[in-house]
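Quick notes on the structure that follows.
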Amino acid sequence: MTTLPLQFSPEVAAARAEGRPIVALESTIITHGMPYPRNLETAWQVEDAVREAGATPATIAVLEGQLHIGLDEGQLEALAKAQNVAKLSRADLAVCLATGGTGATTVAATMIAAHTAGIVTFATGGIGGVHRGAEHSFDISADLQELAQTPVTVVCAGAKAILDLPKTLEVLETLGVPVIAFGQDSLPAFWSASSNLPAPLRLDDAHAIARAHLTRAALGLPGGQLVANPIPAEAEISAAEITPIIEQATQEAADRGITAKEVTPFLLDRIYTLTEGRSLDANIALVVNNARLAAKIATCLINEPQSGARR
Ligand code: PSU
Ligand code: MN
């Protein structure tokens, strides 16, 4: 078996050598989730939020066939500006690496890369899930299967209402993925702090989330945990405002026959335009908030007494 060479940024390599906490960050949010230049500003802001909270950010991407764990400023900028970058999930990662391609990693592919690099905590905005109409399209993100099999704790702000949230929760339950609301009883719904769905689990501090991660490993259970961290109140967009916009965007996607990997980027772009950019302000605020919580969890994981099995 060949081992895969990993390209660690100097900052991440130093953190590894010194046993300091590291937070993985995905890159599809940069290339397919937000327009330039705000995608780049957001990537910097999120990395800084991780640093200010005492951990090291590791933005993950494939550049010319190399799996990068941590990007320097120039690499991040090139990725944020690049057109037609591949969107890599579990199914595409190996082909991209083997053929010398360049691509941004989704939640699923970032989890695989993080795990390969020994990183167990990951912050993002929203995960992929069961799309509306999945009973016809079968469109269910590979992110859900990944959470079931790769031992990484993923901090998100819940799932977007572009997805079918009840079905997404059902699939996660079937797959045995803990869905943990942070500090509240209801499931956060991305642009809104609360949905009308109760969260399956609730934890109120980073220590408890770290302990649950380690306990899962001690039980020999595969897979990770999904932490749903509510958007800060001042950045929320009300459900009344966003719901008709999501419905319009979803209808347009159906009318235009958008399928597979294009669905999520198409919806995000339409919602951005239809909210005149406000969806993006909210998105940025919640990713930064998630980066801070992930940094705390990563720090607790390093410091837990039972961390023998840790990273
Ligand atoms: N949801 C968001 N923003 C995003 C994504 C999802 O609110 O940027 C991205 C993430 O990278 C996620 C991917 O892993 O889309 C899911 O794509 P798909 O539904 O094609 O699996
Ligand atoms: Mn899909």
Side-chain angles (χ1 to χ4, degrees), residues 24-36 38-39 42-43 46 59-62 79-80 85-93 103-114 122-148 150 152 154-165 167-168 171-172 177 188-192 195 224 226 228-229 231 235 237 242 245-246 249-250 253-254 258-272 275 279-291:
L25 301 168
E26 61 149 315
S27 45
T28 295
I29 191 173
I30 301 171
T31 55
H32 293 71
M34 297 180 182
Y36 181 82
R38 294 197 69 195
N39 59 348
T42 305
V46 172
T59 301
I60 289 175
V62 177
L79 197 65
V85 175
K87 172 179 161 186
L88 307 176
S89 188
R90 165 171 277 260
D92 326 283
L93 186 58
T105 51
T106 61
V107 169
T110 305
M111 288 178 75
I112 295 169
F122 167 17
T124 183
I127 60 157
V130 181
H131 276 268
R132 296 178 180 201
E135 60 275 30
H136 301 293
S137 66
F138 277 44
D139 189 349
I140 302 176
S141 176
D143 291 352
L144 303 185
Q145 290 274 7
E146 205 59 52
L147 283 160
T150 302
V152 172
V154 179
V155 181
C156 69
K160 281 196 175 138
I162 57 174
L163 302 173
D164 185 322
L165 298 187
K167 286 195 182 72
T168 300
V171 170
L172 286 167
V177 176
F190 203 84
W191 292 296
S192 314
S195 66
L226 185 63
N229 186 26
I231 183 171
I237 301 182
I242 203 85
I245 288 173
I246 291 168
T250 309
I258 309 278
T259 59
K261 283 171 171 308
E262 276 80 52
V263 174
T264 300
F266 175 85
L267 293 174
L268 297 182
D269 182 58
R270 286 304 292 149
I271 292 166
Y272 168 77
T275 59
S279 65
L280 185 55
D281 298 332
N283 202 341
I284 294 168
L286 66 86
V287 191
V288 167
N289 191 45
N290 294 343

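Quick caveat: nothing in here was measured; it's all calculated off a predicted structure. As the structure lists them, so they are numbered: ligands from 1, and atoms in each ligand from 1. If you read the sequence from its start, that first residue is 1, and numbering goes on from there.
A donor-acceptor pair is defined here as one N or O able to donate and one able to accept, closer than 3.5 Å; such a pair exists between the side chain of T106 and the backbone of L88. Judged by distance alone, with hydrogens and angles left aside, the side-chain atoms of T168 form a donor-acceptor pair with the main-chain N or O of V130 at under 3.5 Å. Using a distance-only test at 3.5 Å, with no hydrogens or angles considered, no donor-acceptor pair links the side chain of N289 to the main chain of A285. Looking at N39, its side chain does come within 3.5 Å of a backbone N or O of I30 through a donor-acceptor pair. A donor-acceptor pair is defined here as one N or O able to donate and one able to accept, closer than 3.5 Å; such a pair exists between the side chain of D92 and the backbone of S89. T59 places no side-chain N or O within 3.5 Å of a backbone atom of A24 that could act as its donor or acceptor partner.
Protein atoms that are N, O or S and lie under 2.8 Å from the Mn ion (ligand 2) are these: D139 OD1.
Of the options V171, L226, V152, V107, a side chain to side chain contact (heavy atoms under 4.5 Å, CB included) to L147 is made by L226 and by none of the others.
Residues passing the salt bridge (Lys or Arg N to Asp or Glu O under 4.0 Å) test with K87: none are found, sequence neighbours excluded.
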Donor-acceptor pairs under 3.5 angstrom involving side-chain atoms of residues 155-163: please list them, not counting sequence neighbours.
none

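Protein residues with a heavy atom closer than 4.0 Å to ligand 1 are E26, T28, I29, K87, T106, V107, G126, I127, G128, H131, S141, D143, K160, F190, T264, L268, listed by chain and number.
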